[in-house]
Amino acid sequence: MNIQENYSLKKLNTFHIDASAKYFCEVASIEDIKEVLSADKFWKQSKLILGGGSNLLFTKDFDGIVIKNNLKGINLIKEDIDFYYVKAGAGEVWHQLVMHCINNNYAGLENLSLIPGNVGASPMQNIGAYGSEIKDSFYQLEAFHLNDKTIHTFNNADCKFGYRESVFKHEFKNQFIITSVTFKLNKNPLYNIKYGAIEKELETMGVKDLSIQAISKAVCNIRNSKLPNPEVIGNAGSFFKNPEISKSKYESLKNEFNDIVGYDLENGNVKLAAGWLIEQCGWKGKSFGDAGVHKLQALVLVNYANAKGNEIFDLSEKIMNSVKEKFGVDLEREVNII
Ligand code: FAD
Ligand code: EPU
């Protein structure tokens with residue numbers, strides 16, 4: 001096992017923050033994981049499991065061991081009348097898994113095309129976009145417990161999925177390395193184009209016969225039109241979650257701010273578009289040195305070149321304060337702060 005010291009993480013996080021890890025290694029198998037953790041020197045260190053680094057903000061160097069998960073493999077492990085069960089290694093690139101499923105007519109992940117990052121983080125975050133979340137297609141996952149050093153299996157209910165939430169962000173935080181995820185994918189596609197922008201894009205594309213291929217292409221087109229490509233401008237997608245407020249609070253805000261953007265939730269509450277709140281506070285397109293708010297999407301904070309993680313964090317703090325002051329609404333960060 002090659003364990004490196006003072007290892008630069010700049011190319012391994014999509015914000016391109018210049019942070020380093022005291023120790024760094026890549027694991028490609030369960031045996032590799034066991035080997036790293038068997039050495040007393042590394043076992044005692046704080047541990048950070050790294051996927052594609054697309055939902056992290058480093059505000060300092062990591063004083064411990066960063067374990068980059070490279071467990072690979074995509075396999076159809078079983079099928080029944082209605083479903084295919086596809087198991088993917090945690091180190092597979094998410095979009096490559098989506099493309100594999102689309103090419104084989106396994107339906108369910110098409111609305112989640114082009115989300116950056118790896119398979120292992122997808123249940124951690126319950127990634128979502130364009131009317132779908134992975135919980136809708138998730139079957140089970142396997143995860144290595146850092147203390148008892150055995151593999152545990154979690155089914156859908158065990159993961160306690162919520163909006164960008166799972167058990168791995170709370171009671172099991174920092175306790176498991178997710179090693180594989182199995183998805184239950186439809187043989188007969190259930191097309192989900194309720195997210196208005198998809199329908200409009202399909203029309204523009206001139207699509208007559210709906211297919212998972214067409215939906216995936218439409219989603220990719222929409223994403224490319226508004227989200228900055230991290231290869232070009234450092235970012236980690238939405239920096240904050242869209243906040244949930246009560247219907248009565250929404251109604252009183254609506255009286256004051258007639259064009260406020262909110263969506264009714266099944267529980268009676270309303271989810272507000274945080275991008276709208278941030279834009280109304282005047283942040284859209286603003287930059288302070290190399291740290292800024294994207295000009296097309298106010299929910300996305302960016303690193304134009306050499307911003308420090310703390311500068312981006314401080315900007316996020318100012319945004320949260322001004323949204324609280326103007327609307328009385330608390331924003332919560334989606335990005336994991338290290
Ligand atoms: P990382 O950033 O490497 O890690 C994220 C967290 O998961 C960390 O806490 C890490 O320790 C933990 N982790 C990672 N792998 C494992 C593992 N194997 N076991 C245990 N813990 C692990 N997200 C959405 O939901 N929807 C979107 O539409 C979306 N759009 C985005 C657009 C852009 C341009 C960018 C840059 C990001 C976007 N994101 C979106 C956020 C991001 O892509 C997802 O959160 C993604 O799942 C992160 O995957 P990752 O492998 O990069 O995770
Ligand atoms: N809006 C503005 N100004 C802005 C940005 C947005 O007014 O600068 C308003 C617009 O009215 C727009 C609405 O907000 O109609 C919603 O914007 P958008 O469709 O871009 O989606 P979002 O709510 O900003 C969420 C997710 C994204 C996901 C998209 C598509 C969160 C925190 N973000 O963004 O996920 O891709 O919907 O489903 O839920 C991510 O999690 O990193 C992420 C990018």
Side-chain angles (χ1 to χ4, degrees), residues 1-17 19-58 60-75 77 86-98 100 115-125 127 134 138-154 158-159 166-169 172-183 230 236 336 338:
M1 171 73 41
N2 182 13
I3 298 193
Q4 316 224 35
E5 290 190 34
N6 291 325
Y7 192 83
S8 171
L9 300 170
K10 189 167 180 178
K11 291 191 178 137
L12 298 178
N13 71 96
T14 61
F15 256 126
H16 308 308
I17 299 296
S20 64
K22 185 170 166 197
Y23 299 109
F24 175 85
C25 66
E26 300 194 36
V27 291
S29 64
I30 309 276
E31 290 66 43
D32 284 354
I33 298 174
K34 286 184 176 159
E35 193 187 326
V36 178
L37 299 179
S38 67
D40 216 31
K41 177 175 172 190
F42 301 120
W43 166 242
K44 288 190 203 133
Q45 303 289 327
S46 310
K47 297 163 203 76
L48 173 69
I49 315 307
L50 186 65
S54 63
N55 207 19
L56 291 172
L57 176 68
F58 287 102
K60 53 184 179 301
D61 292 334
F62 189 73
D63 186 22
I65 183 160
V66 170
I67 302 174
K68 171 127 173 68
N69 188 319
N70 272 347
L71 276 78
K72 298 285 189 192
I74 301 180
N75 294 294
I77 54 165
V86 177
K87 180 174 179 177
E92 289 289 343
V93 170
W94 174 260
H95 184 63
Q96 282 172 13
L97 168 68
V98 174
H100 176 89
I115 296 182
N118 292 357
V119 166
S122 65
M124 163 107 188
Q125 302 289 135
I127 55 171
I134 76 139
F138 175 94
Y139 181 60
Q140 65 177 37
L141 65 75
E142 290 174 331
F144 183 90
H145 194 286
L146 290 166
N147 285 331
D148 75 19
K149 301 195 173 110
T150 63
I151 298 283
H152 295 225
T153 302
F154 292 77
D158 297 331
C159 293
S166 75
V167 78
F168 301 103
K169 289 181 93 170
F172 293 147
K173 193 173 166 140
N174 296 333
Q175 289 187 38
F176 285 96
I177 303 182
I178 296 167
T179 53
S180 74
V181 186
T182 303
F183 296 91
N336 298 283
I338 307 292

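Not measured: the values here are computed from a predicted model. Only this structure's heavy atoms are used, side chains among them; waters, hydrogens and symmetry mates stay out.
No donor-acceptor pair closer than 3.5 Å links the side chain of Lys47 to the backbone N or O of Asn174. Side-chain atoms of Gln96 do not come within 3.5 Å of backbone N or O of Glu92 as any donor-acceptor pair. A donor-acceptor pair is defined here as one N or O able to donate and one able to accept, closer than 3.5 Å; such a pair exists between the side chain of Lys72 and the backbone of Gly91.
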After noting the C-alpha distance and the side-chain angles of Trp94 and Ile127, does the key distance pass the side chain to side chain contact (heavy atoms under 4.5 Å, CB included) rule? CA-CA 10 Å; Trp94 174 260; Ile127 55 171; 3.6 Å; yes

Could you walk me through whether Glu142 and Ser180 satisfy the side chain to side chain donor-acceptor pair (under 3.5 Å) test, starting with their C-alpha distance in whole Å, then the side-chain angles of each, then the deciding distance to 0.1 Å, before giving a yes or no? CA-CA 5 Å; Glu142 290 174 331; Ser180 74; 3.1 Å; yes

Could you walk me through whether Thr182 and Leu141 pass the side chain to side chain contact (heavy atoms under 4.5 Å, CB included) test, one step at a time? CA-CA 6 Å; Thr182 303; Leu141 65 75; over 6 Å; no

ring-ring contact (aromatic ring centres under 6.0 Å, His included), that's the test. Do Phe42 and Tyr23 meet it? Break it down for me. CA-CA 8 Å; Phe42 301 120; Tyr23 299 109; 5.1 Å; yes

Using side chain to side chain contact (heavy atoms under 4.5 Å, CB included), reason through Ile177 and Asn69 one step at a time and then give a plain yes or no. CA-CA 8 Å; Ile177 303 182; Asn69 188 319; 3.6 Å; yes

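We find the CZ-CG distance between Phe144 and Leu71 to be 11.0 Å, quoted to the nearest 0.5 Å. Phe15 contributes atom CZ, which lies 9.0 Å from atom CG of Asn55 (distance to the nearest 0.5 angstrom). Atom NZ of Lys11 and atom NE2 of His16 lie 11.0 Å apart (nearest 0.5 Å). Put simply, NZ on Lys10 and CG on Leu12 are 12.5 Å apart, with the number rounded to the nearest 0.5 Å. Considering CZ of Phe176 and CG of Leu146, their distance stands at 8.5 Å, rounded to 0.5 Å. Annotation: the span from Ser166 atom OG to Asp158 atom CG amounts to 11.5 Å, rounded to 0.5 Å.
At least one side-chain heavy atom of Asn336 sits under 4.5 Å from a side-chain heavy atom of Lys169. In this structure, Ile67 and Gln45 have side chains that are not in contact, with every pair of non-hydrogen atoms separated by 4.5 Å or more. Using a 4.5 Å heavy-atom threshold, the side chains of Thr179 and Ile33 count as touching. Looking at Leu56 and Leu50, their side chains come closer than 4.5 Å, going by heavy atoms from C-beta outward. Residues Ile17 and Leu57 form a side-chain contact, since some pair of their non-hydrogen atoms from C-beta on lies under 4.5 Å apart. Side-chain contact between Val86 and Ile74: present, with at least one pair of heavy atoms (C-beta onward) separated by less than 4.5 Å. At a threshold of 4.5 Å between non-hydrogen side-chain atoms, the residues Leu48 and Phe58 count as touching. No side-chain heavy atom of Val27 sits under 4.5 Å from any side-chain heavy atom of Asn70.
Between Ser54 and Thr14, the closest heavy-atom pair is CA-OG1, 3.2 Å. The nearest pair of heavy atoms linking Ser20 to Asn6 is CB-C, 4.4 Å. Closest approach of Ile65 to Cys25, counting heavy atoms only: CD1-SG, 4.1 Å.
A ring-centre distance under 6.0 Å is found for Phe168 and Phe154.
Cation-pi geometry between Lys149 and Trp43 is satisfied (NZ or CZ under 6.0 Å from the ring centre, within 45° of the ring normal).
Ring-plane geometry between Phe183 and Phe138 is classed as perpendicular, the angle between the planes exceeding 60 degrees on a 0 to 90 degree scale with a lower cut at 30.
Remark: His152 engages Asp148, Thr150 in a side chain to side chain donor-acceptor pair (under 3.5 Å) (not counting sequence neighbours).
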